[in-house]
Amino acid sequence: MERREPHDPGEPAYPADVDDAPPDPRSGLAIVAAQRRKVRDSDVDDRLLFGVWGVAWLVGYAAQWWTATTSPTRTATGQGGLVFAAVAVAALVVTLVHVARATHGVAGTSKQVGMMYGWAWTIGFVGQGLLVAGVVGAGGNPEVIAIVANGAACLVVGLLYMAGGALWQQLSLYLIGAWMIATAAAASLVTMPTGYLVMALAGGGGMLVAAVLAALHRRRA
């Protein structure tokens, strides 16, 4: 018969195979919740993207509309263009940094893919600039130039956002790009400076509404 050592009163009377005991259900739920938060936090944050671009479009295009109302050509002045350029560049930097961090190490992407996507932005805007230069050289009036410059820029940005959304399987990026293109198309069908107002309210305001809806959806989730 196996000899058993007497129990030490100073030690807890737990069985030797305590590690085989079933885990606490509350601990398991906490682990699952932590993993969900980790996955959620690593995703592209649609609240941030809609919010950043909503503010950029609302402020930038409102400034262009305000200066255009006092311009004899009914197009934005240099001051309005500078305001829009500043907020658009800031929103673009925030977006690219956030997407790069959120999609770092995502399966199916590579450094080469990211580099090619980054060059697409440069090539797209060089092409947009040459297109506008061609319209200016052809003798286009200021209103036509403004419509072409604005529409072509939004088309480049919108398509690249949709491509990025498809590449990284991020629906928020895809939706932002689609909304940019739809708004720019609508703004091109009205006269200036009303087109700037459409971009500010429908574009910027619509994105801010989308940011609020995204925040409410995440809170419910």
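Along the sequence shown, residues are numbered consecutively beginning with 1. Because only heavy atoms are used, hydrogens play no part in the values below, and waters and symmetry mates are left out as well, while side chains stay in.
Not a single side chain to side chain contact (heavy atoms under 4.5 Å, CB included) links Thr70 to another residue, sequence neighbours left out.
When all heavy atoms of Val87 and Ala56 are compared, the closest pair comes out as CG2-O, 3.5 Å. When every heavy atom of Met162 is checked against every heavy atom of Ala178, the shortest pair comes out as CG-N, 3.7 Å. The shortest heavy-atom contact between Gly165 and Leu173 is CA-CB, 3.7 Å. Here the shortest heavy-atom pairing between Gly203 and Trp57 reads CA-CE3, 3.6 Å. Here the closest non-hydrogen pair linking Ala187 and Val190 is O-CG2, 3.2 Å. Shown here for Ala211 and Gly51, the closest heavy-atom pair between the two residues is CB-N, 3.7 Å.
Phe84 is connected to Leu197 through a chain of hydrophobic side-chain contacts under 4.5 Å among Ile, Leu, Val, Met, Phe, Trp and Tyr, so both are in one cluster. Leu82 and Val89 fall into different hydrophobic clusters, defined by Ile, Leu, Val, Met, Phe, Trp and Tyr side-chain heavy atoms under 4.5 Å apart, directly or through other members. Under the 4.5 Å side-chain heavy-atom criterion for ILVMFWY residues, a single connected hydrophobic cluster contains both Leu201 and Ile147. Using a 4.5 Å cut-off between side-chain heavy atoms of Ile, Leu, Val, Met, Phe, Trp and Tyr, with links allowed through other members, Leu96 and Val156 fall into the same hydrophobic cluster. Under the 4.5 Å side-chain contact rule for hydrophobic residues, Val198 and Trp179 do not share a cluster.
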Q: Please lay out, stage by stage, how Met199 and Cys154 fare under the test side chain to side chain contact (heavy atoms under 4.5 Å, CB included).
A: CA-CA 10 Å; Met199 298 293 289; Cys154 292; 3.5 Å; yes
Q) Does the side chain to side chain contact (heavy atoms under 4.5 Å, CB included) test come out yes or no for Trp53 and Met180, once each step is laid out? A) CA-CA 10 Å; Trp53 281 102; Met180 285 181 172; 3.7 Å; yes
Q) Should Gln170 and Ser172 be marked as a side chain to side chain donor-acceptor pair (under 3.5 Å) after you check the CA-CA gap, both sets of side-chain angles, and the distance that decides it? A) CA-CA 6 Å; Gln170 296 293 339; Ser172 56; 4.7 Å; no
Q: Begin from the C-alpha positions of Asn150 and Tyr61 and carry the test side chain to side chain donor-acceptor pair (under 3.5 Å) through to its verdict.
A: CA-CA 10 Å; Asn150 179 73; Tyr61 280 111; 2.3 Å; yes
Q: Could you check Val83 against Gln64 for side chain to side chain contact (heavy atoms under 4.5 Å, CB included), going step by step and ending with a plain yes or no?
A: CA-CA 8 Å; Val83 172; Gln64 289 190 307; over 6 Å; no
Q: Show the numbers, then the answer: is there a side chain to side chain contact (heavy atoms under 4.5 Å, CB included) between Leu208 and Phe50?
A: CA-CA 6 Å; Leu208 291 177; Phe50 279 121; over 6 Å; no
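Here Tyr174 and Tyr161 keep their ring centres 6.0 angstrom or further from each other.
Atom OG1 in Thr73 sits 9.5 Å away from atom CG in Asn141 (nearest 0.5 Å). Rounded to the nearest 0.5 angstrom, Leu159 CG and Ile181 CD1 are separated by 4.0 Å. The OG1 atom of Thr77 lies 12.0 Å from the CH2 atom of Trp66; values are rounded to the nearest 0.5 Å. Of the inter-residue distances, the one linking Leu175 atom CG with Met207 atom CE reads 10.5 Å to the nearest 0.5 angstrom. To the nearest 0.5 Å, the span separating CD1 on Ile145 from OG1 on Thr75 amounts to 8.5 Å. Distance check: Thr191 OG1 to Glu143 CD gives 6.0 Å after rounding to the nearest 0.5 Å.
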Side-chain donor-acceptor distances from residues 114-131 under 3.5 Å, at least two apart:
{"residue": "Tyr117", "atom": "OH", "partner": "Leu160", "partner atom": "O", "Å": "2.6"}
{"residue": "Gln128", "atom": "NE2", "partner": "Ala149", "partner atom": "O", "Å": "3.0"}

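With His98 contributing its side chain and Leu49 its backbone, the two residues share no donor-acceptor pair below 3.5 Å.
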